[in-house]
Visitor: 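Structure incoming, see below.
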Amino acid sequence: MRRIPLLDFGRIPAEERGRLEDAFGRVLKSGQFILGAEVAAFEKECAEFLGVAHAIGVSSGTDALLLSLESLEIGPGDEVICPSYTFFATAGSIARTGAKPIFADSCPGCWNLAPQEVRRKLTAKTRAIIPVHLFGQPAAMKNLLAVGQEAGLAVIEDAAQAFGASSDGRKVGGRGLLGCFSFFPTKNLGALGDAGLIATQDGALAERIRALRVHGSRVKYRHEWIGGNFRIDALQAAFLRARLPSVEAGLEMRRRNAALYEEAFLASGIAALSPETCRCQGEERVTPKFTSQLLLPRNSRGEHTWNQYVIRYPTDRDGLRRFLSEEGVQTEVYYPLPLHQQPCFLDRGGAAGEFPVAERLARETLALPIFPGLSSGEIERVVDLIVRFASQKGKEA
Ligand SMILES: *Cc1c(COP(=O)(O)O)cnc(C)c1O
């Protein structure tokens, strides 16, 4: 039985592998392992790619979020609104500054932070909102930026899963005041270790973040702020430079894979596109009819990066996952427990039923392999297995 993994680093093209080896040799020869020319060049290339004035390489996506908040002097007494259905780092970074994460429910159509839900959570203490471009699908930036502007708040984009995504003709991560990226190996642009980036058009903030990255100092041994060590390794910057030229091709393959999944699932007759459409533009709430037991993700907005291809199987998600695992297909649940129900946040409410969309997604979603090197044969096999399992379940019901 051939395994179908969620990510297979062994399948990156030989040419890209060669560029990575060259990058390693270059840094080794230079002897410059901290900041320096590789980091500066990487930041310049990223700024160009993203269409922003400033890009600052940092130690991880988590640290990008933390530094962004700290650069705005957000801390104790402040509130920051973020989705409950996201990776932990979004809210963990808020809490680490001493500010309070305020959770909001997601849109049932695009699964991103719903602007209407953000409005309901605004208070006199709100300082910022952090939309997440979940799974690589752009959040409703126009509406979210409008909410931010009306209320005088900073919008910090968590674009960790969305390097290369765009909406309204603009790359995500460059639309809010600050945009945070992760280069964790499974992201669209993956380092060979931890790394992250902050994008911004604001020169003064960029300068402060550059200082915060090295203990709050612009001039050596003179500390204007209390920062820390949040530097990106020169080696990771060099690796990322080696991979940046292939990122668009990789995204195209992810989009092709998403289209192949959709085609094969729809042809099976057992699956349908999710009947819930995006309501971020403020449409009326209508309860859609569910005609299928297997629901496919929709792209509601712009250029999706399909960092994850996430289906919903309300009947028995965990059973399906076990079955696929026995058949050698690796899957993942992003994320089994919404943040408002995490043990460390239970002291701030977090009652079950508070965020119905987040809770439903946490119960029903399953991420399938979609990485660029996946073959169409493998996609067919994954679909066949899922269809077989769901048909069997359908007969039992
Ligand atoms: C990966 C991720 C992060 C954190 O990035 P790291 O580089 O792992 O620290 C933050 N937010 C989201 C939504 C992510 O997917």
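Scope of the values below: all heavy atoms of this structure, side chains included, with no hydrogens, waters or symmetry mates. Order of appearance sets the numbers: ligands from 1, and atoms from 1 within every ligand.
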Visitor: Taking atom types as modelled, is there a side-chain donor on H340 or S84 under 3.5 Å from an acceptor on the other?
Guide: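 Per modelled atom types, H340 and S84 side chains form a pair under 3.5 Å.
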Visitor: Listing request: all side-chain hydrogen bond (donor to acceptor under 3.5 Å, both in side chains) pairs with a residue in residues 360-372, at least two apart in sequence or in separate chains.
Guide: Y85-T365, E276-R360, R312-E364
Visitor: Put together the list of close N/O pairs, under 3.5 Å, between ligand 1 and the protein, could you?
Guide:
unit_1   : atom_1 : unit_2 : atom_2 : d
ligand 1 : 5 (O)  : S182   : OG     : 3.2
ligand 1 : 7 (O)  : G61    : N      : 2.8
ligand 1 : 7 (O)  : S182   : OG     : 2.6
ligand 1 : 9 (O)  : G61    : N      : 3.4
ligand 1 : 9 (O)  : T62    : N      : 2.8
ligand 1 : 9 (O)  : T62    : OG1    : 2.5
ligand 1 : 11 (N) : D158   : OD1    : 3.3
ligand 1 : 11 (N) : D158   : OD2    : 2.8
ligand 1 : 15 (O) : Q161   : NE2    : 2.7
ligand 1 : 15 (O) : K187   : NZ     : 2.8

Visitor: Would you say the side-chain atoms of T331 and R321 include a donor-acceptor pair closer than 3.5 Å?
Guide: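 T331 vs R321: donor-acceptor pair found between side chains.
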Visitor: Using the side-chain hydrogen bond (donor to acceptor under 3.5 Å, both in side chains) rule, collect all pairs that involve residues 158-182, keeping only residues at least two apart or in two chains.
Guide: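 For residues 158-182: T90-D158, Q161-Y335, S167-R175, D168-R175.
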Visitor: Who pairs with E73 by side-chain contact (heavy atoms from CB on, under 4.5 Å), at least two apart in sequence or on another chain?
Guide: R208
Visitor: Would you say T97 and E70 are linked by a side-chain donor-acceptor pair, where the criterion is simply a distance under 3.5 Å?
Guide: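 The answer is no; no qualifying pair exists.
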